[in-house]
Amino acid sequence: MMLGDFEVTAISDGAASLDAVKLLNEPAVETEAALKDVFLSNPVDSSINAFLINTGTKLILVDTGGGAFLGPTLGKFQSNFAVAGYKPEQVDEILLTHMHRDHVGGLVINGKVSFPNATVHADKWESDFWLSKENLEKAAPDIKPRFQGVVDTVGLYIASGHYMPFEAGSEILPNVRTVASHGHTVGHTTYVIESQGQQLWLVGDVINFGAVQFDHPLVSSSFDKDGEEASASRVEIFSDAAKERALIGAAHLPFPGLGHLRATGNAWQWLPVDPSSAMR
Ligand SMILES: [Zn+2]
C-alpha cells in the first residue's frame, strides 16, 4: 500500500501457535474469557511480519523475521521478500525494533550476511545489552540462546562496519524518527515513517497478543523483559499513534499487521486495513 509517496510492503515470515494462557501475566480464567470475547480460544496463532518501505530513493527494511532460528512454520521471510520482487542487495537500511531472534534471524543466511549493502540500525541500549558477556553469564539457561542469536546475526554487520546504533528520540534518516518504547526489551524502538503528512508507526512487539492486549492493554507477557514498563510503553505509543490517526504496522498482529487504532476509553479497537485498498 502507499503512504504518501512511499510504498509499504508487509512481508510474512509465517505464523506460530502460542499458548496465550501460559504466556500472559494474568490468571488463566481471565485470558480464556478475553479470548472467548473475541471468538478465539487458546492456543492462538501469531504472525511474524516485517515491513519494507520504498521511498523512491532508499529501500528500508524494518525487522527481518526469524531466519533459521525458529520452527518449520516460520523462516519464510527471505522467500517472501523475493516474491515481493526485490533483491537483498537493493536494501539500503535495516531498522530493528529489537534483537529477539524472530526479528534478527533474517539478517543472515548460511552464516553470511543476507543484505550485503545494508546498514543495520538499532537502539544502543539494545546492542549493548545483548552483546554483553556479563549479561550472557547471568541469563537463565533458556534465555542464553537469544544472546548467541544476536552475536551470530547483528555481530556480522558490526564486524563489517555496517551497524549504526542510535539513542532513541531523533530522526535517524530522512523521514524516519525513533521513539523509545522500552520494556519488551531494554532498547525496544518504535519507528515513525512520514511522507506527505501521513505517518506509519512500526511498533514491533509493543503488542504481542492482539486478541487480549487491545482490550486489556495493561496485561504483559513473559516475552517482556519488564512487563510493567512494556505495558506503559503500549499505552503511551497507542495513545500517541491514535491521536495522530497514524497507520500502524505491528510485528505480531495477523498478517499484514497493518491498521489503525481507535481509542475506546482505556482500551483500543484495532481496525485492520482493507486488503482491497492495496489491490487497486
Ligand atoms: Zn517478536
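Note that ligands are numbered from 1 as they come in the structure, with each ligand's atoms numbered from 1 the same way. Worth saying up front: this structure is predicted, and the values here are computed from it rather than measured.
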Pair S127-Y163, side-chain hydrogen bond (donor to acceptor under 3.5 Å, both in side chains): steps then yes or no: CA-CA 10 Å; S127 42; Y163 177 61; 2.6 Å; yes
Parallel, tilted or perpendicular: ring planes of F238 versus F214, cut at 30 and 60 degrees: parallel
Name of whichever N/O/S atom of D102 is nearest to the Zn ion (ligand 1): OD2
Intermediate values then yes/no, ring-ring contact (aromatic ring centres under 6.0 Å, His included), Y86 and F115: CA-CA 11 Å; Y86 290 101; F115 302 99; over 10 Å; no
Contact check: H103 to the Zn ion (ligand 1), N/O/S below 2.8 Å: yes
Whether H98 has an N, O or S atom under 2.8 Å from the Zn ion (ligand 1): no
Pairs involving residues 92-112, ordered by first then second residue, that meet ring pair (Phe, Tyr, Trp, His ring centres under 6.0 Å) (sequence neighbours left out): H98-H100, H98-H103, H98-H184, H98-H188, H100-W130, H100-H184, H103-H252
Separation between CZ of F147 and CD1 of I143, rounded to the nearest 0.5 Å: 8.0 Å
Name of whichever N/O/S atom of H252 is nearest to the Zn ion (ligand 1): NE2
Closest approach to the Zn ion (ligand 1) by D205, given as the N, O or S atom name: OD2
